[in-house]
> 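Sharing a structure with you now.
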Amino acid sequence: MREIPKAYQPQEVEDKIYKEWEESGFFNPDNLPCAGEGKTPEKFVISMPPPNATGILHLGHASMLAYQDLMVRFNRLEQKQTMWLPGTDHASIATQTKVEKNIAKEGLTKYDLGREKFLERVHEYVEGSRDTIREQVRKMGSSCDWSRERYTLDEGLSEVVRQVFTMMYEDGLIYRGNRIVNWCPRCESTLADDEVEHEEKEGKFYYFKYQKDFPITIATTRPETKLGDVAVAVNPKDDRYKEFIGKTYKIDLGNGEHEIRIIADWTVDMAFGTGALGVTPAHSMADFQMATENDLPTIKVIGEDGKMTAEAGKDYEGLTTLEAREKIAKHFRDQGLMEKEEEVPQNLSVCYRCNAAIEPLPSLQWFIDVNKKITKDGNKYFQDKSLKEVMLRVVQEGEIKIIPERFEKTYFSWVENLRDWCVSRQLWFGHRIPVSYCEDCGGVVLQKDEAAGCSKCQGSHLRQDSDTFDTWFSSGAWTFSTLMDKDFAKYANFDEWVENSPDLLKYHPTSVLETGYDILPFWVARMILMTTYVLGEVPFENVYLHGMLRDKEGKKMSKSLGNGIDPLEMIEKYGTDALRLSLIIGSTPGNDLKVYEEKIETYRNFVNKVWNVSRYILMSVENVQRVEMRPEAKTLADEWILGETDHLISDVKDNLENFRFSAAGEEIYDFTWSKLADWYLEIAKVEGSKDEILLYVLERLLIVLHPFAPYVTEEIWKDFETGELLMVQKWPETVALQKEDTKANFEIVKDIITGIRNIRAEYKIEPKKKVKVVIVSVEKKDLIVAQVEIIKFLGRVEDLEVAETFAKKEGMAVAVLSGVEIYVSLEGLVDMEKEKQNLLKEKQNLTAFVSNLQKKLGNETFVSKAPDNIIEAEKGKLSESMEKLAKIEEKLGAM
RNA sequence: GGUCGCUUGGCUCAGUUGGUUAGAGCAUACGAUUCACAUUCGUAAGGUCGGUGGUUCGAGUCCACCAGCGACCACCA
């Protein structure tokens, strides 16, 4: 007898097993058995969404890794050449913000250190957290190819960024323009539209006139911006103001006299405020739009530091916006110009990284034109098409499938409303924009042309753009930039580089992109934009979106709330497999998932169940060995469990192929616990000599469970002593379908046993005490006779008689199944009243059921319109139920 | 304001294209302790599938409207 610990100890085996996997080399698809000479296996590729190079792994990462490793391991077992490429994202704004906070603890700012020293601190920090991330990704059991690990700031990836920028510049897709941008005064950088978040805040709505002789009262939440007003806009239909449209007034708010023109604009809501709004082109996107249409000037009164500028006048210059607001409000009050001040809820725009209030500002930035139609040689998508059009098309035409499908709508509406993408950031950490400016004439010089000097004036005084790229510009290239040859210097141009990158040719497009729905616009859409433009290929064929993780109350997990579950702590306590199962089972695509400790505990119990099922089988068989061929079934139970195993194998495969992870997991859970352990193993104890079948079933169970719970399955697999890893076994074949009546017959046996147990429990017969039972059946008699040993053992029956007829005796309880009656001798314990109540209740249920069926079958339209198989099934049910009902009535009559 | 989602037993959720008397797990009640597993075993109770109307032979499933909750998007100053 083998010695196997009674309970599974994940802590003792996980690290050891991960090491074996990693050292086997099979994480690298080039080493897989399917990848030999001359073979052309199907590919399966996932690019791991690179975690930010900040901080540590949270439960969201754990779930993403669980889903991805599930797909990766399944496809590897399916003998596909499977690659999962890991990496990290430099996450410029998030990382820089983090490091700024760290140095602030030392009383330092980035300016104290200077660009170079500051970046050294960032790199130092990033090195540390990347190591942490690597360790944590391993802890989850992720079977990713570490030999291909990349980082968005790698030399090769940076080169891709530079070349893509240059390509876009030359195609006229990138331009530099002075436009209103979202400015974060804390980060001192621009933000893309979708990097701005909105917060409900209490605000004050001020109603006032600029000065006494001004005819219109305006309302605003930000009076300090009124120093930059150049117009008042009203709705052209508004009778109150019609007469003023086109007139010009001179005002002076303390920063010199300037003109205010009354303009008409249809977007003005007559019912809101006073129906008139002060137009501040420099500090509002909408106002900027109006100013452009009406050819009005721009007065910038707020600067990049979030303080009032010189243009705001000497009374205001240098004040913060809040100070200026108070001051100008006081001015209006003192002058008797303020008509009303009211508290209103308002939507405040804040930075998604540091939460500081956003200032819209006019600024000279780089933009990607999403509407310009271009034609690109050799690119099947870009034939007189814009980026926007292609982004829509690849999803509309199904080249990229989004799961769940409803998110396609979200995607479309996001793309349709997309405005030009501002890609320059005034951050220090990130890819520098590969452009210089001529100090002499201001001309733009691409980095690659710098040697030749300025193309306009031939000047050689060039100054590199100090800005960096939006972090999503580089992560947009992630699926392909990570696969390009690292030795890029030897290629003359981008096309040559692409053509000589074997991994790119072999593994791109990737099969599935798995990520949270929250970054569909941020990242997914930008990858589609980038990849279709650069390669003329989609980046991935499927997008699987998972939901957000929430706590037991449904709140989003966050550090500040302190309600987050630490995956490492859970792994330490319950094991990685338990954590993975708790994240997979019960989660459906695109829907949020509540996670809490009891759930993880449930799956720890399941993993232990698997362990003990295996332990029992491995300790009880004579020789532990693989069983290739389906063993011969000697009994009904054998036939049943073999058939169930086949069903399990094909159902799990079908569910996984269709991204129904939870359903697949649940079925394995049910098979293991409710079929194999609760019934078959118990029966095996009676029937005996089932070594082959037990091993055959166990081997297959381990394989199908492996993608969900890799560690425990791999550990048990060692007992087969094959010298091979479970990780690279073949997904089992399904041999034969279960015979039609096997399942039904086995169900009858189960029902008989449950019926006996039920009576025992109801009459509180001690489990130890054996009872006498008579089973009566005509058509099922042979079946039951063949199963008497099982029924006796599992029902704890001492004396079992199977008969075609039997007259009920005193002191016996009865249970009526369809076609079978069970009598249990209670030696006088029987409670006639209870018996009667039970039978009456059942009679009531059956009578209702029968009459419904009769009504249904008596309905002519049902009989003529419903398909035959449905009608047949209903007829079968009816006759069976009527028979059962008759038996019950007979019993009741005798009482 | 727009878009999307959710609402199924006390809790967490399944329920693929409409077709058995709607399923799990947790929790509950009763009973069991050396026999693979108390991280266990047996038995039971618990649901008019948010509401109303419609399509259909047949609706948890499709349609319309309503209610409650939530998410995302949006330049109401």
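We name chains A, B, ... by the order of the sequence lines, and we start the count at 1 in each one.
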> Do other residues, nucleotides or ligands put more than 12 heavy atoms under 6.0 Å from A:Lys834 NZ?
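Count over threshold, so yes.
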
> Looking at A:Glu224 and A:Arg222, does any basic side-chain N land under 4.0 Å from a carboxylate oxygen?
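Judged by the 4.0 Å cut-off on N to carboxylate O distance, A:Glu224 and A:Arg222 do form a salt bridge.
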
> Among B:rU33, B:rU21, B:rA36, which nucleotide has an atom closest to any side-chain atom of A:Leu846?
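Output: B:rU21.
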
> With sequence neighbours excluded, what pairs up with A:Lys594 under the side chain to side chain donor-acceptor pair (under 3.5 Å) test?
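Scan of A:Lys594 (side chain to side chain donor-acceptor pair (under 3.5 Å), adjacent residues dropped) gives none.
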
> Can you check the A:Leu581 CG to B:rC26 C1' distance for me, whole Å?
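Spelled out: CG on A:Leu581 to C1' on B:rC26 is 16 Å.
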
> For residues 267-286 of chain A, which residue pairs qualify under ring pair (Phe, Tyr, Trp, His ring centres under 6.0 Å), counting only residues two or more places apart or in two chains?
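Qualifying pairs, neighbours excluded: A:Phe205-A:Phe272.
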
> Using a cutoff of under 3.5 Å, can you pull out all pairs of nitrogen or oxygen atoms linking the protein to nucleotides 73-77 of chain B, with atom names and distances?
| from | atom 1 | to | atom 2 | distance (Å) |
| --- | --- | --- | --- | --- |
| B:rA74 | N6 | A:Asn347 | ND2 | 2.9 |
| B:rC76 | O2 | A:Asp269 | OD2 | 2.9 |
| B:rA77 | N6 | A:Asp269 | O | 2.7 |
| B:rA77 | N6 | A:Phe272 | O | 3.0 |
| B:rA77 | N1 | A:Asp269 | N | 3.3 |

> Does B:rU21 have its OP1 or OP2 closer than 4.0 Å to a side-chain nitrogen or oxygen of A:Lys877?
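So the side-chain polar atoms of A:Lys877 do come within 4.0 Å of the phosphate oxygens OP1 or OP2 of B:rU21, strictly under.
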
> Looking only at atom C1', what distance separates B:rC13 and B:rG18, rounded to whole Å?
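Nearest-Å result for B:rC13 against B:rG18 at atom C1': 22 Å.
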
> When you compare B:rA22 with B:rA59, how far apart are their C1' atoms, in angstrom units rounded to a whole number?
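Result for the C1' pair: 12 Å, nearest Å.
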
> Output all residues satisfying side chain to side chain donor-acceptor pair (under 3.5 Å) with A:Tyr210, sequence neighbours left out; order by chain, then residue number.
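A:Asp229.
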
> Could you list the donor-acceptor pairs under 3.5 angstrom formed by side chains in residues 402-414 of chain A, with sequence neighbours left out?
| from | atom 1 | to | atom 2 | distance (Å) |
| --- | --- | --- | --- | --- |
| A:Arg406 | NH2 | A:Asn591 | OD1 | 2.9 |
| A:Glu408 | OE2 | A:Ile402 | N | 3.4 |
| A:Tyr411 | OH | A:Met391 | O | 2.8 |
| A:Ser413 | OG | A:Thr410 | O | 3.2 |

> In this structure, how many angstroms lie between the P atom of B:rG19 and the NZ atom of A:Lys856, rounded?
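Between P of B:rG19 and NZ of A:Lys856: 11 Å.
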
> Do A:Ile299 and A:Val301 make a side-chain contact, defined as non-hydrogen atoms from C-beta onward lying under 4.5 Å apart?
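Yes. Closest side-chain heavy atoms under 4.5 Å.
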
> More than 12 heavy atoms of other residues, nucleotides or ligands under 6.0 Å from CD of A:Glu416: is that the case?
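Above 12, so yes.
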
> Expressed in whole Å, how much space separates the C1' atoms belonging to B:rU8 and B:rA14?
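These two C1' atoms come out 10 Å apart once rounded.
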
> Answer yes or no: is there an ion pair linking A:Lys204 with A:Glu342, defined by an N-O contact shorter than 4.0 Å?
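The answer is no: the pair does not qualify as a salt bridge.
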
> Of all residues at least two apart in sequence or in a different chain, which pass the side chain to side chain donor-acceptor pair (under 3.5 Å) check with A:Asn838?
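Only A:Glu762 meet the side chain to side chain donor-acceptor pair (under 3.5 Å) criterion with A:Asn838.
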
> A:Ile871 CD1 to B:rC57 C1': how many Å, rounded?
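After rounding, the gap between these two atoms is 9 Å.
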
> When the P atoms of B:rU3 and B:rC57 are considered, how many whole Å apart are they?
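Going atom to atom, P in each nucleotide, I get 33 Å.
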
> Nearest to the side chain of A:Glu666, heavy atoms from C-beta on, is which of B:rA14, B:rG19, B:rU20?
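Among the listed nucleotides, the one closest to the side chain of A:Glu666 is B:rA14.
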
> Could you give the distance from CD (A:Glu872) to NZ (A:Lys877), rounded to the nearest 0.5 Å?
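That separation rounds to 12.0 Å.
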
> Along nucleotides 40-49 of chain B, 5' to 3', which nucleotides get a B, which get an S, and which get a -, given that the test is a protein heavy-atom distance under 4.0 Å?
SSSSS-----

> Considering heavy-atom distances to RNA chain B, does A:Lys685 or A:Ser587 have its closest nucleotide positioned more toward the 5' end?
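Result of the comparison: A:Ser587.
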
> Distance between the P atoms of B:rG23 and B:rC66, in whole angstroms?
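It works out to 34 Å between them.
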
> Which nucleotide in the set B:rU21, B:rC37, B:rU33 lies at the smallest distance from any side-chain heavy atom of A:Glu682?
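In terms of side-chain proximity for A:Glu682, the closest of B:rU21, B:rC37, B:rU33 is B:rC37.
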
> Take atom CD1 of A:Ile716 and atom P of B:rC37, then tell me their distance rounded to the nearest Å.
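Spelled out: CD1 on A:Ile716 to P on B:rC37 is 15 Å.
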
> Tell me what A:Tyr596 touches on the nucleic acid: a base, only sugar-phosphate, or nothing, going by heavy atoms under 4.0 Å.
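Here A:Tyr596 touches the backbone only, sparing every base.
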
> Answer yes or no for A:Lys685 and A:Tyr616: cation-pi contact, defined as NZ/CZ to six-membered ring centre under 6.0 Å and angle to ring axis within 45°.
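Yes, cation above the ring, under 6.0 Å and within 45°.
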
> Would you tell me if any nitrogen or oxygen in the side chain of A:Lys599 comes within less than 4.0 Å of OP1 or OP2 on B:rC13?
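No, no such contact exists.
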
> Could you pull out all residues at least two apart from A:Phe332 that satisfy ring pair (Phe, Tyr, Trp, His ring centres under 6.0 Å)?
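Partners of A:Phe332 under the ring pair (Phe, Tyr, Trp, His ring centres under 6.0 Å) test: A:Phe208.
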
> Using a cut-off of strictly less than 4.0 Å, decide whether A:Lys6 has a side-chain nitrogen or oxygen near OP1 or OP2 of B:rA36.
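Answer no for this pair, as no side-chain N or O of A:Lys6 is under 4.0 Å from OP1 or OP2.
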
> Between A:Gly586 and A:Ser881, which is nearer to the 5' end of RNA chain B once each is assigned its nearest nucleotide?
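By nearest-heavy-atom nucleotide position, the 5'-most residue is A:Gly586.
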
> B:rU39, B:rC30, B:rU21: which one has an atom nearest the side-chain heavy atoms of A:Lys764?
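Output: B:rC30.
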
> List the protein contact pattern of nucleotides 4-10 of chain B with one symbol per nucleotide (5' to 3'): B for base contact, S for sugar-phosphate-only contact, - for none; contact means a heavy-atom distance under 4.0 Å.
SS-----

> Within this structure, what is the NZ-to-C1' distance between A:Lys743 and B:rU20, rounded to whole angstrom?
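About 14 Å, once rounded to whole Å.
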
> Using the C1' atom as the point on both nucleotides, what is the distance between B:rA71 and B:rU28, in whole Å?
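Between the two C1' atoms, the distance is 34 Å.
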
> Could you pull out all donor-acceptor pairs under 3.5 Å where a side-chain atom in residues 570-579 of chain A meets a protein atom, sequence neighbours excluded?
| from | atom 1 | to | atom 2 | distance (Å) |
| --- | --- | --- | --- | --- |
| A:Lys573 | NZ | A:Glu597 | OE2 | 2.5 |
| A:Tyr574 | OH | A:Glu597 | OE2 | 2.8 |
| A:Thr576 | OG1 | A:Glu14 | OE1 | 2.8 |
| A:Thr576 | OG1 | A:Glu14 | OE2 | 3.4 |
| A:Thr576 | OG1 | A:Lys139 | O | 3.1 |
| A:Asp577 | OD1 | A:Tyr711 | N | 3.2 |
| A:Asp577 | OD2 | A:Tyr711 | N | 3.4 |
| A:Asp577 | OD2 | A:Val712 | N | 2.7 |

> If the P atom of B:rA29 is compared with that of B:rA36, how far apart are they to the nearest Å?
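Going atom to atom, P in each nucleotide, I get 29 Å.
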
> CG of A:Asn655 versus C1' of B:rG15: gap in Å, rounded?
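Between C1' of B:rG15 and CG of A:Asn655: 12 Å.
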
> So, does A:Thr588 get its side chain near the phosphate of B:rA14, meaning an N or O under 4.0 Å from OP1 or OP2?
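It does, given that an N or O in the side chain of A:Thr588 lies less than 4.0 Å from OP1 or OP2 of B:rA14.
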
> Please state the P separation for the pair B:rC11 and B:rG47 - nearest whole angstrom.
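It comes out at 13 Å once rounded to the nearest Å.
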
> Not counting sequence neighbours, which residues clear side-chain contact (heavy atoms from CB on, under 4.5 Å) with A:Glu666? List them please.
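Expected list: A:Ile585, A:Ser662.
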
> Dot-bracket for RNA chain B, 5' to 3', with Watson-Crick and G-U pairs under 3.5 Å, [ ] for crossing pairs and | for other-strand pairs: what is it?
(((((((..((((.....[...)))).(((((.......))))).....(((((..]....))))))))))))....

> Validate the cation-pi geometry between A:Lys552 and A:Tyr596: distance from NZ or CZ to the six-membered ring centre under 6.0 Å, angle to the ring axis within 45°.
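Pair A:Lys552/A:Tyr596 counts as cation-pi.
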
